[in-house]
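The structure under discussion appears below in the form of structure tokens.
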Amino acid sequence: MNGAQDLGGMMGFGAVVPEPVKPLFHADWEPRAFALTLAMGATGEWNIDMSRRARESMEPGRYLTSSYYQIWLSALESLLAERDLVGPDEIAAGHSLHQSRPVKRVLAAGDVAAVLARGGPSDRKSDVPAGFAVGDRVRARNMHPTGHTRIPRYCRGRTGVIEAVHGVHVFPDASAAGEGEQPTWLYGVVFDGPELWGEGTDPSLKVRIDLWEPYLEAL
């Protein structure tokens, strides 16, 4: 999706200034938003790619003027509403007003640490051979899907070289669309700066992007 989240290579937003590791949260409500998002993600009502799609679907102006956890909370509200787990009156009230339908799973408080430690690995086994090898030259497809995708706009149509083969992973575009995991090969692709941004770009600049096989075509 060519949404407001796809800012790579755009000008006018100033320098990227990394925040210090702590504090982790900047307002009292942020830990609760974080916990609610994790707890509802554990219910199995949606997957991580669907939650990313929900964030990307925000109106661009609102997305760009929202804080990190405001974006998370907005996406959570959208996902809950889409699945008829919360009503607009409850969102407005800020608390539950009706009995909700049962969810698939409930994450018990005592299981949180173990579940977080286990994480959610996306690597999968496959007997399908890789389509590319280290050193192959490839072109990122010039594609503009309306749903979730992990191919940045600034590399589409540009040529690069396969630098790493990461194995087979869940394909996020299909996963976000509810079309199953459709695991496919994932590669680290290196692009030269001038190839991405043209004349005047530092010729020593290189950008490595992890791209799934359906995003690539052979040269």
Side-chain angles (χ1 to χ4, degrees), residues 1-14 16 41 46-66 68 70-72 74-79 81-83 122-124 126 128 130-132 136-202 205-219:
M1 180 181 294
N2 296 338
Q5 83 290 343
D6 193 355
L7 293 173
M10 292 185 66
M11 299 177 182
F13 289 89
V16 175
W46 52 80
N47 59 47
I48 189 171
D49 296 304
M50 292 174 180
S51 66
R52 287 175 174 142
R53 190 269 309 159
R55 292 170 209 152
E56 296 164 1
S57 299
M58 286 179 65
E59 188 276 322
R62 186 179 172 205
Y63 183 97
L64 292 172
T65 54
S66 297
Y68 183 76
Q70 285 173 331
I71 293 171
W72 275 46
S74 177
L76 177 60
E77 292 173 353
S78 296
L79 290 164
E82 286 174 4
R83 287 153 181 81
S122 64
D123 56 318
R124 300 289 185 268
S126 174
V128 178
F132 303 107
D136 285 353
R137 289 188 58 78
V138 294
R139 177 181 289 112
R141 294 183 183 278
N142 186 10
M143 52 192 286
H144 297 272
T146 56
H148 173 65
T149 188
R150 303 297 295 275
I151 179 173
R153 267 179 294 181
Y154 67 85
C155 77
R156 297 173 193 171
R158 306 302 183 183
T159 61
V161 178
I162 301 289
E163 186 185 65
V165 181
H166 296 309
V168 175
H169 292 256
V170 174
F171 184 44
D173 300 40
S175 177
E179 298 172 352
E181 293 188 339
Q182 301 187 24
T184 186
W185 288 90
L186 177 67
Y187 306 90
V189 184
V190 173
F191 297 86
D192 291 332
E195 170 67 10
L196 294 175
W197 294 299
E199 295 181 7
T201 303
D202 179 354
L205 178 65
K206 294 185 181 298
V207 178
R208 174 170 157 173
I209 308 173
D210 288 338
L211 297 172
W212 275 261
E213 194 163 292
Y215 300 158
L216 302 172
E217 55 189 3
L219 292 178

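What you see is a predicted model; the values in this text were computed from it and never measured. Heads up: numbering here begins at 1 and tracks the sequence.
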Among Leu186, Ile151, Thr184, which residue meets the side-chain contact (heavy atoms from CB on, under 4.5 Å) test with Tyr215?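 For Tyr215, the side-chain contact (heavy atoms from CB on, under 4.5 Å) test succeeds with only one of Leu186, Ile151, Thr184, which is Ile151.
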
Minimum heavy-atom distance [X]-[Y], with the two atoms named:
| X | Y | result |
| --- | --- | --- |
| Pro214 | Met143 | O-SD, 4.5 Å |
| Ala164 | Arg208 | CB-NH2, 3.4 Å |
| Cys155 | Ala140 | O-CB, 3.2 Å |
| Trp212 | Val170 | NE1-O, 3.1 Å |
| Ser126 | Val168 | CB-CG2, 3.7 Å |
| Arg124 | Ser122 | NH1-C, 3.3 Å |

Using 0.5 Å steps for rounding, measure from the [atom1] atom of [X] to the [atom2] atom of [Y].
| X | Y | atom1 | atom2 | answer |
| --- | --- | --- | --- | --- |
| Leu211 | Arg141 | CG | CZ | 12.0 Å |
| Tyr63 | Ser57 | OH | OG | 11.0 Å |
| Met50 | Ser175 | CE | OG | 6.0 Å |
| Phe191 | Arg158 | CZ | CZ | 10.0 Å |

Test side chain to side chain contact (heavy atoms under 4.5 Å, CB included) applied to Gln5 and Glu56, step by step: CA-CA 6 Å; Gln5 83 290 343; Glu56 296 164 1; 3.3 Å; yes

Ring centres under 6.0 Å, that's the criterion: do Tyr154 and Trp197 meet it?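 Yes: the rings meet the under 6.0 Å criterion.
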
Do [X] and [Y] have side chains that get closer than 4.5 Å, going by heavy atoms?
| X | Y | answer |
| --- | --- | --- |
| Val138 | Val161 | no |
| Phe132 | Val165 | no |
| His148 | Met1 | no |
| Trp46 | Ser51 | yes |

So, Asp173 and Arg150, do they make that salt bridge, N to O below 4.0 Å? no

Basic-acidic side-chain contact under 4.0 Å: Glu82, Arg53: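 Salt bridge between Glu82 and Arg53, a charged N being under 4.0 Å from a carboxylate O: yes.
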
Distance-only polar pair, side chains of [X] and [Y], donor-acceptor under 3.5 Å:
| X | Y | answer |
| --- | --- | --- |
| Tyr187 | Glu213 | yes |
| His166 | Asp210 | yes |
| His144 | Arg153 | no |
| Arg52 | Asn47 | no |
| Asp123 | His169 | no |

Indicate yes or no for a side-chain donor-acceptor contact from Ser74 to the backbone of Ile71 under 3.5 Å, with no hydrogens or angles considered. no

Has Glu59 got a side-chain atom pairing as donor or acceptor with Gly61's backbone, closer than 3.5 angstrom?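 It does hold such a pair.
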
Given the rule in the side chain to side chain contact (heavy atoms under 4.5 Å, CB included) test, do Asp192 and Lys206 qualify, once you have shown the distances and angles that lead to the verdict? CA-CA 5 Å; Asp192 291 332; Lys206 294 185 181 298; 2.5 Å; yes

side-chain hydrogen bond (donor to acceptor under 3.5 Å, both in side chains) between Thr159 and Glu195: does it pass, once the steps are laid out? CA-CA 7 Å; Thr159 61; Glu195 170 67 10; 3.2 Å; yes

Any chance CZ of Arg62 has more than 12 other-residue heavy atoms, nucleotides or ligands included, within less than 6.0 Å? no

Above 12 or not: heavy atoms from other molecules or residues under 6.0 Å from CG of Leu64?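 Atom CG in Leu64 is packed in, count exceeds 12.
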
Trace of the side chain to side chain contact (heavy atoms under 4.5 Å, CB included) decision for Thr149 with Asp6: CA-CA 10 Å; Thr149 188; Asp6 193 355; over 6 Å; no

Should the pair Arg55 and Trp72 be classed as cation-pi, given the thresholds of under 6.0 Å to the six-membered ring centre and 45° from the axis?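 Cation-pi check for Arg55 and Trp72: passes.
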
In sequence, state the C-alpha distance, the side-chain angles, and the governing distance for Val189 and Glu163, and then conclude on side chain to side chain contact (heavy atoms under 4.5 Å, CB included). CA-CA 6 Å; Val189 184; Glu163 186 185 65; over 6 Å; no

